[in-house]
Structures are given as structure tokens and as C-alpha cells.
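What follows is a single structure, written as C-alpha cells, with notes after it.
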Protein chains: 2
Amino acid sequence: MARERKFSNEELFQTVKKMLLQHGYEGFHFGLLAEQLDISRGALYKYYENKDELITDFMLYEMQIFIGDLAQIENQGDFEAQFDFLMKLIFDKAEVHQLITVVKQMGSSSNEKAKENKEQLEKLPLEMYRYLQNFISFGKREGKLKEHIPDSVILGLIFQSIAIPNHFGLPKGVWVNSIKEIISKGMFAHS
Amino acid sequence: MARERKFSNEELFQTVKKMLLQHGYEGFHFGLLAEQLDISRGALYKYYENKDELITDFMLYEMQIFIGDLAQIENQGDFEAQFDFLMKLIFDKAEVHQLITVVKQMGSSSNEKAKENKEQLEKLPLEMYRYLQNFISFGKREGKLKEHIPDSVILGLIFQSIAIPNHFGLPKGVWVNSIKEIISKGMFAHS
DNA sequence: ATTTAAAGTAACACTTGTGTCACTATAAAA
DNA sequence: TTTTATAGTGACACAAGTGTTACTTTAAAT
């Protein structure tokens with residue numbers, strides 16, 4: 001009944017991700033995207049009214065995958081296993097984190113659908129927080145995590161650790177293990 | 001011999017900083033800047049040929065101040081004092097860190113002066129590294145820092161810690177001390 | 001008071017991105 | 001094979017940023 005599409009949703013979102021990481025929110029535009037997908041700019045308007053609607057839609061997709069993965073933390077057994085799982089997840093999905101800054105750069109957008117998407121997006125951190133809160137409570141309850149450090153600092157530091165630049169190109173294993181060691185036991189030698 | 005300027009260099013750079021943090025590299029432009037400074041756009045071209053020349057010039061100014069402050073680390077006495085000094089400096093100058101990402105977004109710019117500035121900028125991390133390398137060597141030599149953790153991970157984690165978002169608005173003292181504790185002694189309770 | 005050098009302005013031509021629309025292309029249903 | 005619904009195109013009018021230039025303003029030197 002209809003003509004075949006020249007690009008899949010999967011292709012579209014992958015290209016959007018690449019473009020956003022490369023050019024940031026303000027440098028991202030339909031011309032660039034259309035060129036990468038080898039279609040005309042006009043074709044994109046068949047699916048999205050504007051940039052913000054497309055970006056929020058993409059972010060929703062990306063975040064839902066991330067949360068789906070995160071949900072698996074509950075099946076990981078003891079606290080150490082959960083900690084390892086979380087660190088692995090974060091390092092495997094390093095880009096998700098940089099993408100979050102993109103949403104913050106969006107103004108109050110013109111389009112209705114984009115606003116809806118944005119509202120949806122704002123709910124997701126709460127959903128994430130549920131899993132992470134459980135993880136931390138579990139750790140504290142078991143006496144594995146220091147009681148007196150605020151949960152938000154623990155979470156913040158874990159999440160931020162993915163953004164540390166590996167300038168000297170250390171092998172990933174060494175890299176991740178070093179970061180895990182500092183976060184869990186500190187960089188100071190035992191006195 | 002000449003007319004009075006409507007804006008000082010100090011004012012200019014402060015506004016550039018604000019605009020860059022607010023809009024990012026690609027969203028920053030002369031029109032915006034001129035409006036903020038309450039001058040015409042054309043006036044800016046009396047001083048800078050284009051955006052990249054202005055931004056690199058600003059970054060050079062900003063980084064040189066930071067390095068000047070950092071140099072004081074050598075007068076801080078023992079290792080713990082140096083660590084405290086470094087953490088305080090980093091938290092007081094949190095913006096400098098976000099600004100570094102701006103330089104990475106610049107393409108190979110059109111203008112000669114901008115290229116020169118960029119080359120200068122690329123030399124600065126090495127100058128910073130000298131101070132930080134000394135700090136870490138000192139710490140390891142004194143047996144205060146773990147020998148087996150690569151220097152680049154230690155530095156990376158310290159610098160990255162400033163970007164942790166204080167979503168829940170913890171008081172700055174609690175906030176910084178918590179982060180310092182994790183970095184130095186870890187978030188795991190002593191077994 | 002006149003001159004002068006630098007500061008600032010405003011308009012122009014140019015470039016790049018936006019959103020729309022009449023149009024063509026194509027795969028499947030009838 | 002004709003119809004039809006959807007995919008995709010290309011051109012148009014518009015909006016926003018760039019870089020230049022002829023012009024005006026102003027404070028200090030003569």
C-alpha cells in the first residue's frame with residue numbers, strides 16, 4: 001500500500017545520537033541529519049515537526065533502553081555484584097550521560113509534542129532513582145556503604161566517573177578497575 | 001586622543017563566559033554578545049575578526065588565571081594540605097572545567113590569530129600537568145597515595161568530581177567534604 | 001577651536017538553517 | 001492494470017547570523 005522507507009527508525013536514532021554527540025544541541029539541524037541519512041531534508045518533516053520534537057523523541061527511546069538495562073540490577077545477588085553491574089552498565093553506556101546535557105540546552109520549545117516528550121523525560125530520573133535508591137539502601141543496610149555519606153553524593157560520584165577522560169589511553173580493564181578501586185576504597189594508602 | 005570605550009575587557013570576558021556556559025559553543029554568537037554588552041555588533045569586529053578568535057583569546061585569559069592559582073599548590077606544606085588546596089581550587093573554579101569542552105567543539109577555524117591561540121591553549125595542560133604530577137609524585141613518595149593506581153586516573157577523578165551535580169542542594173561544606181572523603185578513603189565501609 | 005585617532009553605528013550583501021507545499025515515485029490492494 | 005496511501009523531492013519565502021564599510025561620535029593633543 002505504500003512506498004518503502006529509505007531509513008529505519010533504528011538508523012535514524014543512531015545517526016541522531018552521532019550528530020548530537022558531535023555537534024551538540026545548537027549545532028544539530030535537519031540539513032546535517034538528512035545528509036547523513038542520504039535523504040532530502042523535507043522528508044524528515046514527514047515524521048517530525050521540528051528539531052525539539054525529534055530530539056526529545058530520541059532521548060525518550062534512549063533513556064528507556066537504559067532504564068530497562070538498569071532494572072536488571074535487582075537480579076545481581078549481593079551488594080558487590082550490584083556495584084560491579086552498575087559500574088559496567090555505566091561504562092558500557094557512556095554516551096547516555098553526555099546526552100543528558102543536551103536536554104538541558106533546550107529552550108521552551110514551540111511544539112506540543114515536544115513539550116509532552118519533555119514532561120515524560122522529566123519523570124524518568126525518578127524511575128531511575130528508585131533502582132539506585134534501593135541499591136544504596138541495600139548497601140548501607142548490609143554495612144557495605146558508609147552511612148554518613150549522603151546518597152546523592154554516592155550516586156553523583158558513580159555516575160560522573162564515566163566522564164573521566166582516558167587521555168593516556170590506558171586499557172579499558174585497568175582503567176575501569178582503577179576507578180572502581182578509588183570509588184570503593186579511596187586513593188589514599190591505608191595508614 | 002580617542003573616545004572612551006563602552007565596555008572593559010573584564011566586562012567582555014565575564015559576559016563571554018556567561019554566554020558560553022549558557023548557550024555552548026555553537027549557540028554563542030556576536031549578536032548575543034553585543035546585546036548583552038549594550039553595544040552594536042559591528043563594534044566587536046574592531047577587536048576580533050570572528051567568534052573563534054574571541055573565544056580562544058578568552059580561554060587563554062581564563063586558563064592562565066587558573067594556572068596562576070594552581071601554582072600556589074607548592075607552598076601548601078604537607079600532602080594533605082596540598083590535597084585540600086587542590087580540591088578547594090577546583091570547586092571554586094568549577095566553570096573552568098565546563099569551558100574546556102567548548103574548545104573541543106571548535107573546528108579548524110578560518111582565522112590566523114585563532115589558530116595561534118589554539119596552539120597556545122594546547123600547551124597549557126602540559127603546564128598544569130607539571131604541578132599536578134609533582135603533587136601526585138609527592139603523595140606516592142610519602143606513602144600517602146596508592147602506588148598502583150595510574151596517575152591519570154587519580155587526576156581524572158579529582159578533576160571530574162567538580163562536575164557532580166548537587167541536585168538536592170546539600171550545603172557546600174557537606175557536599176565538598178563528602179566528595180573528598182570518597183575520593184580519599186572510598187565509599188565502602190571498612191570491613 | 002581645530003584636528004585627529006580610536007570607538008561606535010547602521011545598513012548592505014551574503015550565507016545558512018527553517019518550515020511548507022505542490023509535486024513525483026513506488027509498493028501493495030483492488 | 002488501475003487505484004491509493006505513503007515516501008520522498010526540490011523550490012520558495014522566510015528568519016537569523018556573518019563580515020564589511022561608509023559614516024558619526026567623542027576625548028585628547030595641538
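A, B, ... follow the sequence lines: proteins, then strands. Residue 1 opens every chain.
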Exercise. Pick the nucleotide of DNA chain C nearest each of B:F7 and B:R41; which residue has the one closer to the 5' end?
Worked result: B:F7

For this session: Measure from CG on B:L54 to P on D:dG19 and round the result to the nearest Å.
Result: 12 Å

Exercise. Starting at CD1 of B:I39 and ending at C1' of D:dT24, how long is that distance when rounded to a whole Å?
Worked result: 16 Å

For this session: Give the minimum heavy-atom separation between B:P165 and B:W175, together with the two atoms involved.
Result: O-CH2, 3.5 Å

Problem set entry | Approximate separation, where rounding is to 0.5 Å, of B:F7 CZ and B:I39 CD1 | 4.0 Å

Problem set entry | Gap separating the CG atom of B:L89 from the NZ atom of B:K93, nearest 0.5 angstrom | 7.0 Å

Exercise. Quick one: A:N111 CG to C:dG19 P, roughly how many Å, whole number?
Worked result: 9 Å

Problem set entry | Nearest-nucleotide 5' precedence on DNA chain D, B:K46 against A:A43 | A:A43

For this session: Ignoring backbone atoms, test whether B:K6 places a side-chain nitrogen or oxygen under 4.0 Å from the OP1 or OP2 oxygen of D:dT25.
Result: no

For this session: Output the single nucleotide from D:dT25, D:dA7, D:dT18 whose closest atom is nearest the side chain of B:K51.
Result: D:dT18

For this session: Can you tell me the distance, in whole Å, between the CG atom of B:L12 and the P atom of C:dG8?
Result: 11 Å

Problem set entry | Nucleotide D:dT20, atom P - distance to CG of B:L44 in whole Å | 14 Å

Taking only distance into account, with no hydrogens and no angle test, what donor-acceptor pairs under 3.5 Å do side-chain atoms of residues 56-67 of chain B form with protein atoms, sequence neighbours excluded?
from	atom 1	to	atom 2	distance (Å)
B:T56	OG1	B:D52	O	2.8
B:T56	OG1	B:E53	O	3.0
B:T56	OG1	B:N117	ND2	3.0
B:D57	OD2	B:Y48	OH	3.0
B:Y61	OH	B:E10	OE1	2.8
B:Y61	OH	B:E10	OE2	3.1
B:E62	OE2	B:K17	NZ	2.9

Exercise. Just how far, in rounded Å, is C1' of C:dG17 from CE of A:M19?
Worked result: 16 Å

For this session: Would you indicate, yes or no, if D:dA7 has its OP1 or OP2 atom less than 4.0 angstrom from a side-chain nitrogen or oxygen of A:Y47?
Result: yes

Exercise. A:Y48 OH to C:dG17 P: how many Å, rounded?
Worked result: 21 Å

For this session: Check every atom of C:dA25, D:dT18, C:dG8 against the side chain of B:H29 and return the nucleotide holding the closest atom.
Result: D:dT18

Exercise. Between C:dG17 atom P and A:F30 atom CZ, what is the distance in whole Å?
Worked result: 13 Å

Problem set entry | Closest listed nucleotide, where the reference is the side chain of B:Y45 and the choices are D:dT20, D:dT9, C:dT18 | D:dT20

For this session: Evaluate the criterion salt bridge (Lys or Arg N to Asp or Glu O under 4.0 Å) for residue pair B:D92 and B:K88; output intermediate values, then yes/no.
Result: CA-CA 6 Å; B:D92 286 350; B:K88 179 167 170 24; 2.8 Å; yes

Exercise. Start at the 5' end of DNA chain C and walk down; is the nucleotide closest to A:E4 or to B:G42 reached first?
Worked result: B:G42

